[in-house]
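For reference, the structure is listed below as structure tokens.
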Amino acid sequence: MYRDQDLDARARRRRATGGSRVGLVEIVRRANAPMPAEHSVTFRVATAVAVLTGILACAAVGEVSVIGAVLASAGSLCGMAFSYKTRTTPWQWVKILLAVAVLAIFASFVLQMISAAHVGQLTSIEVPLTGLFVWVQVIHSFDVPARRDLLFSLAAAGALLTLGAAQAVSVGFLAYVAVWLGACLFALGCSWRSMTGGVGPLALGSLAATGFVIVLAGAGFLVVLPAPRAAQAITLPSSLISYLPLRDPNGVTGTGAESTEPAQAGKASGRTGIGGYLGFASELDIATRNTLGDEVLMRVRADRPGYFLGMTYDTWDGQNWGRSPATGRILQLTTGSPFEVGSAWSSFPELQEGGGMIPGLSDGELALGPLNVQTFYVAQPIANLLFATPDPTEVYFPEHSLVLGADGSMRATIAMTPGTVYTVISSDDELAPAALARIKTSQPGLVSAALRQDLELPPGRYGRVAALARQIVTAARATTTYAKVTALEAWMGAHLRYSTDIPPLLAGQDAVNQFLFGSRVGYCEQISTALAVMLRTLGVPTREAIGYVPGPFDPLSDLYEIQAKDAHAWVEVWFPGVGWQSFDPTAQVSLEPPDPGAVLLSDIGHAIGALPWAPIGGGLCAVATGVLVAAGVRRRRRRPAGWVEKVTAELERRGAAAGLKRLPTETLGEYASRLGNLGSWRAGPAATASLPAATAVLERAAYGFHVPDAPTRAFVEEVVNGLHPARGSRRPPRGRRLTPA
Amino acid sequence: MQERSRRHVPAADRARAPAVRRQRVRHLALPEHALGPVAGSLLLLLVWAGVAHASGSGWVQTVGAVVAGLLLLGLVAPAFAAPGLTLICERSPTDAVAGSPVEIDVVGNRPMRCTPWSVGGGPLLLTGKVPASLFIVPPRRGVISTVTVRVATAAPLGLLWWSRDQVLELARPLYVAPQPRERGGELRQMLTPEEGQGPPRPTLTGDLRGIRPYQHGDGRRRVHWHASAHTGDLMIRESESRQDDPIRIVVDLPRDLDAADRIAEEAMGEVVVQLNAGRRIVLETTEVTGRVVTPVVDRLSAGRRLARSVSPPGAR
């Protein structure tokens with residue numbers, strides 16, 4: 001008697017390969033050998049759904065035209081049907097035609113690439129590349145007779161989805177990912193069933209559980225993996241959907257009836273502004289405010305989110321911020337994208353840092369950090385301002401000209417319509433507080449002429465404000481500009497309240513006086529204006545800056561969604577030798593890029609925390625108590641029966657439930673045979689297919705002194721527990737299942 | 001029974017006792033040919049991560065994370081499904097010949113692929129609990145009660161197979177007879193005698209073979225009176241001689257398995273030759289219970305005897 005033989009794995013492998021080494025040619029030949037035809041219709045349908053999802057995803061982000069998507073979808077479906085029809089006898093001449101078609105499409109792609117691609121701009125080949133993928137997939141769908149070909153189509157559908165994802169900026173893309181994942185899971189489940197014979201129903205419950213685990217694992221990967229950053233991109237995106245020249249190419253557009261109209265000073269009535277915001281015009285009336293909406297104006301992918309500056313104001317008349325003729329000066333760049341704006345700012349002396357070394361600062365403290373790359377995806381018509389963090393150095397905008405303003409703004413000469421994409425690289429010359437704290441305030445008389453406007457105030461209005469400012473900085477013993485700013489911010493934080501519901505400003509009333517000595521309630525514009533005015537009374541040049549702060553972060557798309565309500569105003573303070581530095585007395589906005597995983601976990605935590613835990617806890621306690629009580633009752637009822645007796649009793653019980661009781665004179669084998677012939681089982685003949693084997697094990701265990709091992713016991717129990725009477729017949733009572741011995 | 005001849009099968013390499021070489025049964029589920037799928041998946045995810053970071057797109061990263069989850073589950077989930085695989089033998093034959101396929105009926109609890117591992121045989125794909133026929137090829141003679149089968153699954157996505165060994169208990173012991181072999185000769189002709197052309201049934205010494213006319217010197221006791229009365233002449237009865245006595249084949253197996261198999265095959269070949277020649281055979285073997293000397297009347301019984309035979313105590 002023997003049990004085993006000395007057939008090692010290597011000999012088996014050699015035997016499997018015919019006893020000889022397999023060369024590369026042979027491997028290739030085997031890989032290309034015809035595979036058995038795949039007969040599963042559901043497998044093909046699921047694969048077709050995955051492919052269609054990929055095509056539609058590309059169409060949704062504009063990489064494939066609508067007509068192209070419709071044609072490709074129809075062609076893919078026809079190809080799948082054709083492949084199914086000819087799966088057993090593929091037509092060879094069709095293969096030749098498909099090969100010719102693939103070559104033609106590839107040649108077309110090369111021609112498009114040569115004609116459309118620009119040096120250094122890979123984005124220009126994305127659309128032809130997507131078209132190549134789509135049409136190759138359509139052609140391939142005409143020749144997918146076997147399982148391997150269908151799996152290749154699934155992978156190709158994933159590639160199409162990825163091409164779409166590269167341009168996706170909306171959370172709506174999640175629907176395509178979900179549909180694609182579901183179709184892939186279903187197709188792979190069908191593939192596995194086909195691999196093992198292709199009979200029986202598909203275990204949808206198991207597939208659903210698998211999908212749930214996959215989503216969990218994917219979320220885990222998303223949490224763990226470092227997020228892609230805009231600066232890591234090979235190519236910096238910039239594109240236009242439409243081209244609408246402005247009526248005044250050098251001005252700022254508002255949101256009137258047409259996006260090409262020049263901007264007008266915001267008023268509470270008449271127009272609504274961009275998302276309700278009345279800024280981004282020649283004047284900013286801080287006494288009026290519309291309700292800001294939450295519609296998404298732009299989506300931004302930025303290495304370091306910060307204050308996205310739109311424009312600044314330097315003149316203040318007590319209610320309105322305006323722009324002096326000096327800051328109204330412009331410089332038009334016509335070099336084409338990318339625009340080297342870093343060197344162009346030198347044309348505006350008021351924007352220069354003053355030159356020379358800064359006393360008390362080392363070279364290391366003045367060293368700039370890594371560049372901040374920001375890509376803006378315009379979702380709603382906005383002003384023709386190119387928003388960016390401070391000190392932009394390079395702008396990727398697909399237009400031949402760009403206007404730079406002396407106020408630090410960048411303006412397009414065309415309307416910023418939805419679909420416009422541009423990228424700005426900024427140096428973010430913001431010094432650390434410790435460095436700023438060592439810079440002394442310039443004497444008012446020594447301020448350059450270009451900055452005089454940034455110190456002017458309406459005469460005779462702000463004596464009380466100046467006294468208050470002096471009192472605050474004196475109390476704080478602030479001698480430097482930074483110390484003065486922080487002292488004033490601290491005072492404002494302690495004495496002012498934030499609210500968008502502000503009292504109306506009476507005619508002739510000064511907004512700052514009314515705010516500081518009256519209501520002391522306001523929002524960013526009142527707060528920042530008050531700080532700017534107080535600093536001007538102390539001889540510190542300031543100006544009002546408006547723009548946007550980063551909105552909610554979407555960890556799936558790695559984008560900040562700038563909503564209309566994210567419009568913001570803050571103060572820029574002049575530091576000698578450094579330049580303009582931003583201060584936000586209104587609110588603290590995180591300047592650190594949030595980690596997508598942390599945001600996701602935080603959202604999940606908030607969602608879990610928002611659950612009604614009291615009733616859930618009560619329900620869980622009740623269920624646990626019930627389970628414990630039931631377990632106790634079962635333990636008391638359990639009689640000291642062996643495994644064979646228990647399984648036999650369970651078999652008899654299920655047979656009786658199906659309407660077939662065991663006769664007293666009947667052996668277990670005879671009874672199992674009658675059960676097998678009963679035919680009223682929910683799972684059909686498969687339910688009793690293994691019953692003879694299980695019964696044989698029981699009989700051997702009962703009468704043959706044979707002790708089955710654990711897997712065999714589990715198998716027998718699984719067979720017995722799988723006996724469910726068909727619908728309409730009697731069912732076994734619930735709550736009693738075999739427990740492992 | 002009169003012993004007339006004794007043909008001894010020489011044991012070229014005598015050994016002590018039969019050694020059963022046990023192959024380790026791997027209960028731990030391990031992946032099969034994992035290099036390709038794992039390397040391919042890693043390469044795919046690397047490319048995906050590269051595209052995600054080169055494009056700076058969070059959605060590519062999200063899709064890549066989902067694909068990574070799908071691949072991870074597809075590659076690892078069978079490891080959790082493999083321990084739950086159970087295979088049971090429903091029916092198996094009693095007799096087989098070494099090197100020839102044997103069909104056994106098996107049934108599994110879920111879709112799987114099973115491959116005979118301790119014996120030869122090809123893989124079989126099982127669909128759920130539907131019984132199927134598994135062909136095993138016992139390479140050696142002997143008595144098999146269990147077969148190690150490598151069960152594998154790639155559930156639920158079919159991306160990577162994970163396998164483990166399961167000791168499959170046969171429904172009944174399988175007697176594997178040695179393949180008959182004649183030393184230096186061909187047995188093909190003797191192994192397949194055509195029907196109706198076989199040799200006469202063997203007789204015992206003293207059995208009546210026929211009658212002949214009386215010759216001078218024949219004994220009176222050998223006169224067949226009935227035939228003489230019938231023919232009118234004296235007829236003499238002829239009996240079987242000692243040349244038709246059973247052949248005694250002694251099989252002493254050495255301990256070495258290969259040598260023992262070779263001797264058993266030659267013994268089986270001799271048995272087949274003699275059976276086809278119509279001779280009676282007494283087979284002398286050593287079994288676990290001791291020395292067994294009994295006649296064999298057909299190939300089946302001879303095969304079972306040789307399947308059970310072991311090397312005698314003290315054999316080298």
Side-chain angles (χ1 to χ4, degrees), chain A residues 1-7 158 161-162 165-168 173 177 181 184 188-189 191-193 195-197 199-200 206-207 210 213-219 221-222 225 227-230 232-234 301 375 554-559 596 686 689-690 692-693 696-697 711-712 714-715 718-719, chain B residues 20-23 48-49 51-70 72-74 77 84-86 88-90 107 109 111-113 117-120 125-131 139-140 142-146 148 154-159 166-167 169 171:
Chain A
M1 181 180 296
Y2 71 94
R3 285 175 177 269
D4 310 295
Q5 299 298 323
D6 50 349
L7 297 174
L161 191 77
T162 306
Q167 296 298 321
F173 195 79
V177 178
L181 177 62
C184 268
L188 288 173
S191 169
W192 167 240
R193 188 180 61 159
M195 288 167 71
T196 55
V199 296
S206 171
L207 277 183
T210 303
V213 176
I214 287 175
V215 170
L216 281 184
F221 279 119
L222 203 60
L225 291 175
R229 292 299 175 200
Q232 297 166 336
I234 293 177
R301 178 174 293 118
T375 300
D554 178 11
L556 296 179
S557 60
D558 192 38
L559 292 168
S690 307
V697 172
T712 307
F715 174 79
E718 192 174 347
V719 169
Chain B
V20 177
R21 268 181 268 180
R22 291 178 182 275
Q23 184 186 14
W48 219 299
V51 171
H53 283 257
S55 65
S57 169
W59 272 114
V60 176
Q61 176 115 336
T62 301
V63 175
V66 171
V67 172
L70 191 145
L72 178 71
L73 197 79
L85 298 177
T86 305
I88 279 188
C89 175
E90 275 192 324
V107 60
N109 61 340
M112 71 175 82
R113 186 192 66 200
W117 204 246
S118 62
V119 295
L125 284 171
L126 287 170
T127 304
K129 297 175 181 175
V130 178
R140 293 180 183 277
V143 182
I144 301 176
S145 58
T146 59
T148 302
L157 303 182
L159 297 184
Q166 185 200 332
V167 178
E169 187 171 351

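In this text the structure is predicted, and so the values were computed from the model without any measurement. Per chain, numbering begins at 1; letters A, B, ... match sequence-line order.
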Shortest non-hydrogen contact between [X] and [Y], atoms and distance:
X: V107(B); Y: A693(A); answer: CG1-CB, 4.0 Å
X: V130(B); Y: A689(A); answer: CA-CB, 4.5 Å
X: G158(B); Y: W192(A); answer: CA-CE3, 4.0 Å

Contact class of [X] relative to chain B, heavy atoms under 4.5 angstrom:
X: A166(A); result: both
X: V215(A); result: neither
X: L181(A); result: side chain

Could you have a look at [options] and say which one has the most heavy-atom pairs with chain A under 4.5 angstrom?
options: V66(B), L72(B), I88(B), L126(B); value: I88(B)
options: L85(B), N109(B), V67(B), L159(B); value: N109(B)
options: V51(B), L125(B), T62(B); value: T62(B)

So which part of A49(B) gets closer than 4.5 Å to some heavy atom of chain A, the side chain, the backbone, both or neither?
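The answer is neither part of A49(B).
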With a 4.5 angstrom heavy-atom cut-off, could you sort out which part of Q166(B) is near chain A: side chain, backbone, both or neither?
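No part of it gets close to chain A.
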How far does CG of L161(A) sit from CH2 of W59(B), to the nearest 0.5 angstrom?
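So the gap between those two atoms works out to 9.5 Å.
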Could you tell me the separation between the CG atom of L73(B) and the CG atom of L188(A), rounded to the nearest 0.5 Å?
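Nearest 0.5 Å value for the CG-CG distance: 10.5 Å.
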Could you check which of [options] has the highest count of heavy-atom pairs closer than 4.5 Å to chain B?
options: S557(A), A217(A), G189(A), A168(A); answer: S557(A)
options: P711(A), P692(A), C184(A); answer: P711(A)
options: L559(A), T210(A), V697(A); answer: T210(A)

Could I get the full list of side chain to side chain contact (heavy atoms under 4.5 Å, CB included) partners for A714(A), not counting sequence neighbours?
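A714(A): no side chain to side chain contact (heavy atoms under 4.5 Å, CB included) contacts found.
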Residues which pass ring-ring contact (aromatic ring centres under 6.0 Å, His included) with F221(A), listed by chain and number, not counting sequence neighbours:
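F221(A) satisfies ring-ring contact (aromatic ring centres under 6.0 Å, His included) with no residue once adjacent residues are dropped.
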